[in-house]
Amino acid sequence: MRNTLVIGNWKMNKTLEEAVELVVRLKEKATDFPPSAEVVLAPPALYLASIAMLEEPWHKLAAQNCSHHDYGAFTGEISAPMLKSMAVDYCIIGHSERRTYFHETDALLAAKVDACLRNGIQPVFCCGEQLKQRKEREHFVTVLNQLQQGLFHLTPAQLSDVVIAYEPVWAIGTGQTASPEEANEMHTFIRQQLSSHFGEVAANDLRILYGGSVSAGNAASLLACSDIDGALVGGASLHVRDFAAIIGAAS
Ligand code: 13P
């Protein structure tokens with residue numbers, strides 16, 4: 001049984017004061033969250049320690065990125081052991097913004113997945129096609145290639161610590177969501193591909209999140225789909241009422 005996972009990816013938003021206020025106000029709503037939903041906040045790395053110190057049992061923490069090295073002379077970087085030492089459970093890897101703006105390659109992302117796993121952090125591995133690729137019916141092959149390059153070197157046991165987030169690039173921050181049918185079709189495809197490579201048990205246990213303009217209005221229909229196990233929420237996770245409503249839809 002896969003429990004529903006809702007992750008709020010704040011990206012590069014909020015001052016420390018605003019970040020703490022958001023967590024405190026979400027806490028006021030946390031008693032209404034469905035017990036079966038796992039809630040994870042992914043604030044900017046700079047705030048992870050402050051939010052971890054609030055010791056709120058209703059959510060876990062994710063980082064938005066990490067180095068593929070564990071330590072060393074890499075100015076500006078943050079490693080998986082550092083994240084682990086701050087009670088961080090998850091790390092988003094391969095978000096399309098990092099693939100595009102920071103030129104992160106498939107090989108680098110595979111190394112980041114390894115860094116997370118060897119340090120007890122669950123990678124949230126992002127995949128998804130550009131609009132042009134969908135229009136040219138290349139979305140399945142694009143996503144399969146991302147999975148092959150980033151994850152297929154793992155063992156089935158390692159895969160059990162991975163979460164996948166399907167985020168069609170054309171739906172991120174655009175207000176244009178994939179329909180529940182389009183999203184679920186891709187999630188089912190991803191699970192089938194993982195099943196052929198890693199075996200049915202590993203594929204059935206794995207959680208596949210949808211991301212891309214998830215809102216209070218569309219969350220319930222997306223989360224009701226058979227192969228959608230949660231949401232990776234961007235913009236709506238910055239607003240208490242919207243994020244609380246999305247979590248509320250995750251029953
Ligand atoms: P939006 O929800 O703002 O479209 O962002 C999705 C996303 O990129 C989450 O990682």
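Each ligand, and each atom within it, is numbered from 1 in the order the structure gives. Computed from a predicted model, the values in this text were never measured in an experiment.
At a heavy-atom cutoff of 4.0 Å, ligand 1 is contacted by no atom of Ser237, backbone or side chain.
With no hydrogens or angles considered, a side-chain donor-acceptor pair links Trp170 and Glu129 at under 3.5 Å. With no hydrogens or angles considered, a side-chain donor-acceptor pair links Glu167 and His95 at under 3.5 Å. The closest side-chain donor-acceptor pair between Asn3 and Arg207 falls under 3.5 angstrom.
Which parts of ligand 1 touch Leu232 is read off a 4.0 Å heavy-atom cut-off, strictly below it: atoms 9 (C), 10 (O). Residue Ala171 approaches ligand 1 through these ligand atoms, each under 4.0 Å from one of its heavy atoms: 4 (O). Each of the atoms 4 (O), 6 (C) of ligand 1 lies under 4.0 Å from some heavy atom of Gly212. Heavy-atom proximity to Ser213, at under 4.0 Å, picks out these atoms of ligand 1: 1 (P), 2 (O), 4 (O).
Summarising the local packing, OH of Tyr71 is surrounded by 12 or fewer heavy atoms from other residues, nucleotides or ligands at distances under 6.0 Å.
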Practice item. Go through His153 and Asp114 one step at a time and tell me if the side-chain hydrogen bond (donor to acceptor under 3.5 Å, both in side chains) criterion holds. Key: CA-CA 10 Å; His153 64 288; Asp114 292 344; 2.7 Å; yes

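Every N/O-N/O distance between Glu97 and ligand 1 stays at or above 3.5 Å. Inclusion of Gly173 in the set of residues having an N or O under 3.5 Å from an N or O of ligand 1 is warranted. Where the criterion is an N or O separation shorter than 3.5 Å, residue side chain and backbone included, Gly235 meets it with respect to ligand 1. For ligand 1, the polar-atom distance check finds an N/O of Asn9 within less than 3.5 Å of one of the ligand's N/O atoms. The N/O atoms of Gly234, backbone and side chain alike, include one that comes under 3.5 Å of an N/O atom in ligand 1.
Between Glu167, Lys11, His95, it is Lys11 that holds the heavy atom closest to atom 5 (O) of ligand 1.
Taking the six-membered ring for Trp and thresholds of 30 and 60 degrees, Phe152 and Phe198 have ring planes more than 60 degrees apart, a perpendicular arrangement.
Members clustered with Ile7: Leu5, Val40, Tyr90, Ile92, Val124, Val163, Leu209, Leu232, by chain and number, using a 4.5 Å side-chain heavy-atom cutoff among hydrophobic residues.
Screening residues 16-44 for ring pair (Phe, Tyr, Trp, His ring centres under 6.0 Å), with sequence neighbours left out, gives Phe33-Trp58.
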